[in-house]
Amino acid sequence: MNQNPTKHTKVLIIGSGPAGYTAAVYAARAMLKPIMVTGMEPGGQLTTTTDVENYPGFAEAIQGPWLMEQMKEQAQAVGTEMIQDHISSVNFKAKPFEAIGDGGQKYTADTIIISTGAQARWLNIESEQKFRGFGVSACATCDGFFFKDKTVAVVGGGNAAVEEAMFLTKFASKVKLIHRRNELRAEKMLQKKLMENKKIEIVWDTVVEDVLGNKDPKNVTGLKVKNVKTNQSEEMKIDGLFIAIGHDPATQLFKDQLKMDKDGYLITKSDSTETNVPGVFAAGDVKDKIFRQAVTAAGMGCMAALEAEKHLSHN
């Protein structure tokens, strides 16, 4: 059993990344001495992103891991206590709220900010992971710009896949949408727009078996795809691959305690980050499946800290 005494804080931030770090900066500057439990992947999804060109304040491209490092140091500099631990259970039924770490460390808190983020779903083939960040991406808004006048493929059949494919036509000369079925799940209006777009070709009944590319310089040159009806495999020449088969918010921990939608995203009040439990707030990709940008996550982190401060002063 862990003998460490219980750690109590006015604000416990679960998860790091743009939302958590920004919440920490605001909470610390409000003299609330927040504790942040960083989780398994400090910095979250941005730590796997190389060039970031759309974060405000930087005229030159910056590196995702560097940006997260800066946010972390900023949060520490103003008085956030960072603990590298992973929360394995929570109890929001009574105050103070409780959270237990993997090793048994107990945290109690007057307010909690959840910023555990989300992960893109991958195809889970080895070559896909090998070329991640080198032509394989899960975010068209982040990386589409790098494929000007090139041929790219998008995998998926829902709204996200169709939207990514449409967005990529701004840059790419040709977009191939690869879907394992013979019809899309996307909304009819979106499908209509997709079909009308001359740059997009839909490849039905097809799955990606392998990503092909060069070692040095590391880049993607093509795909090995298989038609699921005929079982025929063939090679397809492309310069980039976008995976759009959905995201999973990291909310398993909060099942049965917080309200979430059918996809597992935490539900917050309108124009607020407050969940159905007063004093528990959610910021970033853990509650946002629409924008999923670093800047929107950071904005929500700021909101959550201000709302937590207000909650504390009223109670």
Between [X] and [Y] (side chain of the first, backbone of the second, donor and acceptor by atom type, cut-off under 3.5 Å), is there such a pair?
{"X": "Thr108", "Y": "Thr6", "result": "no"}
{"X": "Thr206", "Y": "Ile178", "result": "no"}
{"X": "Glu164", "Y": "Ala140", "result": "yes"}
{"X": "Thr80", "Y": "Ala75", "result": "yes"}
{"X": "Glu274", "Y": "Val280", "result": "no"}
{"X": "Gln105", "Y": "Pro5", "result": "yes"}
{"X": "Thr9", "Y": "Ala109", "result": "no"}
{"X": "Thr116", "Y": "Ala250", "result": "yes"}
{"X": "Glu98", "Y": "Val90", "result": "no"}
{"X": "Asp239", "Y": "Thr151", "result": "yes"}

Is any side-chain heavy atom of [X] closer than 4.5 Å to a side-chain heavy atom of [Y]?
{"X": "Asp110", "Y": "His8", "answer": "yes"}
{"X": "Thr111", "Y": "Glu309", "answer": "no"}
{"X": "Lys72", "Y": "Met82", "answer": "yes"}
{"X": "Val155", "Y": "Val207", "answer": "no"}
{"X": "Tyr55", "Y": "Leu46", "answer": "no"}
{"X": "Leu241", "Y": "Val152", "answer": "no"}
{"X": "Met166", "Y": "Lys193", "answer": "yes"}
{"X": "Asp261", "Y": "Lys289", "answer": "yes"}

Are [X] and [Y] connected in the hydrophobic side-chain network, where two residues link if heavy atoms are under 4.5 Å apart?
{"X": "Leu266", "Y": "Val11", "result": "no"}
{"X": "Ile113", "Y": "Phe97", "result": "no"}
{"X": "Trp122", "Y": "Val225", "result": "yes"}
{"X": "Leu190", "Y": "Val203", "result": "no"}

Return the set of residues passing side chain to side chain donor-acceptor pair (under 3.5 Å) with [X] (not counting sequence neighbours), or none when no residue passes.
{"X": "Glu201", "result": "none"}
{"X": "Gln76", "result": "none"}
{"X": "Lys176", "result": "none"}
{"X": "Gln252", "result": "Lys255"}

N-O pairing of [X] and [Y] below 4.0 Å:
{"X": "Glu235", "Y": "Lys224", "result": "no"}
{"X": "Arg181", "Y": "Asp205", "result": "no"}
{"X": "Glu81", "Y": "Lys7", "result": "yes"}

Pairs under 3.5 angstrom only: tabulate donor-acceptor contacts from the side chains of residues 208-217 to other protein residues two or more places apart or in another chain.
{"from": "Glu209", "atom 1": "OE1", "to": "Ser233", "atom 2": "OG", "distance (Å)": "2.8"}
{"from": "Asp210", "atom 1": "OD1", "to": "Ser127", "atom 2": "OG", "distance (Å)": "2.5"}
{"from": "Asn214", "atom 1": "ND2", "to": "Asn219", "atom 2": "OD1", "distance (Å)": "3.0"}

Working to the nearest 0.5 angstrom, can you tell me the gap between [X] [atom1] and [Y] [atom2]?
{"X": "Leu177", "Y": "Asn197", "atom1": "CG", "atom2": "CG", "answer": "11.0 Å"}
{"X": "Ser88", "Y": "Asp85", "atom1": "OG", "atom2": "CG", "answer": "8.0 Å"}
{"X": "Arg185", "Y": "Glu183", "atom1": "CZ", "atom2": "CD", "answer": "10.5 Å"}
{"X": "Asp288", "Y": "His247", "atom1": "CG", "atom2": "NE2", "answer": "10.5 Å"}
{"X": "Asn276", "Y": "Lys269", "atom1": "CG", "atom2": "NZ", "answer": "8.5 Å"}
{"X": "Ile243", "Y": "Ile125", "atom1": "CD1", "atom2": "CD1", "answer": "7.0 Å"}

Quick one: side chains of residues 60-68, donor-acceptor pairs under 3.5 Å with protein atoms, not counting sequence neighbours, listed by atom name and distance.
{"from": "Gln63", "atom 1": "NE2", "to": "Asp51", "atom 2": "OD1", "distance (Å)": "2.9"}

[X] atom [atom1]: more than 12 heavy-atom contacts under 6.0 Å:
{"X": "Phe145", "atom1": "CZ", "value": "no"}
{"X": "Lys93", "atom1": "NZ", "value": "yes"}
{"X": "Met195", "atom1": "CE", "value": "yes"}
{"X": "Asn315", "atom1": "CG", "value": "yes"}
{"X": "Lys237", "atom1": "NZ", "value": "no"}
{"X": "Gln129", "atom1": "CD", "value": "yes"}

Under 3.5 Å donor-acceptor pairs involving side-chain atoms of residues 294-308, not counting sequence neighbours:
{"from": "Thr296", "atom 1": "OG1", "to": "Gln293", "atom 2": "N", "distance (Å)": "3.2"}
{"from": "Thr296", "atom 1": "OG1", "to": "Gln293", "atom 2": "O", "distance (Å)": "2.9"}
{"from": "Glu307", "atom 1": "OE1", "to": "Thr273", "atom 2": "N", "distance (Å)": "2.7"}
{"from": "Glu307", "atom 1": "OE1", "to": "Thr273", "atom 2": "OG1", "distance (Å)": "2.6"}
{"from": "Glu307", "atom 1": "OE2", "to": "Ser272", "atom 2": "OG", "distance (Å)": "2.7"}

Any salt bridge (Lys or Arg N to Asp or Glu O under 4.0 Å) pairs touching residues 117-137, not counting sequence neighbours?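 Non-adjacent pairs meeting salt bridge (Lys or Arg N to Asp or Glu O under 4.0 Å): Arg121-Asp248.
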
Give the C-alpha distance, both sets of side-chain angles, the deciding distance and a yes or no for side-chain contact (heavy atoms from CB on, under 4.5 Å) between Thr275 and Ile267. CA-CA 6 Å; Thr275 64; Ile267 295 169; over 6 Å; no

Per the ring pair (Phe, Tyr, Trp, His ring centres under 6.0 Å) rule, what does the pair list look like for residues 184-242, sequence neighbours excluded?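 Qualifying pairs: Phe147-Phe242.
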
Considering only residues two or more places apart or on different chains, which pairs with a residue in residues 255-312 satisfy ring pair (Phe, Tyr, Trp, His ring centres under 6.0 Å)?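 Every candidate ring pair (Phe, Tyr, Trp, His ring centres under 6.0 Å) pair involving residues 255-312 fails, so no pair, neighbours aside, qualifies.
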
Nearest heavy atoms of [X] and [Y], plus distance in Å:
{"X": "Gln257", "Y": "Val277", "answer": "O-CG2, 3.8 Å"}
{"X": "Gly144", "Y": "Leu168", "answer": "CA-CD2, 3.6 Å"}
{"X": "Ile245", "Y": "Gly156", "answer": "CG2-CA, 4.1 Å"}
{"X": "Val154", "Y": "Ala165", "answer": "CG2-CA, 4.0 Å"}

Return a table of donor-acceptor pairs under 3.5 angstrom between the side chains of residues 17-42 and protein atoms on other chains or two or more places apart.
{"from": "Thr22", "atom 1": "OG1", "to": "Pro18", "atom 2": "O", "distance (Å)": "2.6"}

Quick check with a 6.0 Å cut-off and a 45 degree axis cone: is Lys218 positioned over the face of Phe134's six-membered ring?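 Ring-cation test returns yes.
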
Scan residues 81-168 for pairs that pass disulfide bond (SG atoms under 2.5 Å apart), counting only residues two or more places apart or in two chains.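 Counting only pairs at least two positions apart or across chains, the disulfide bond (SG atoms under 2.5 Å apart) contacts touching residues 81-168 are Cys139-Cys142.
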
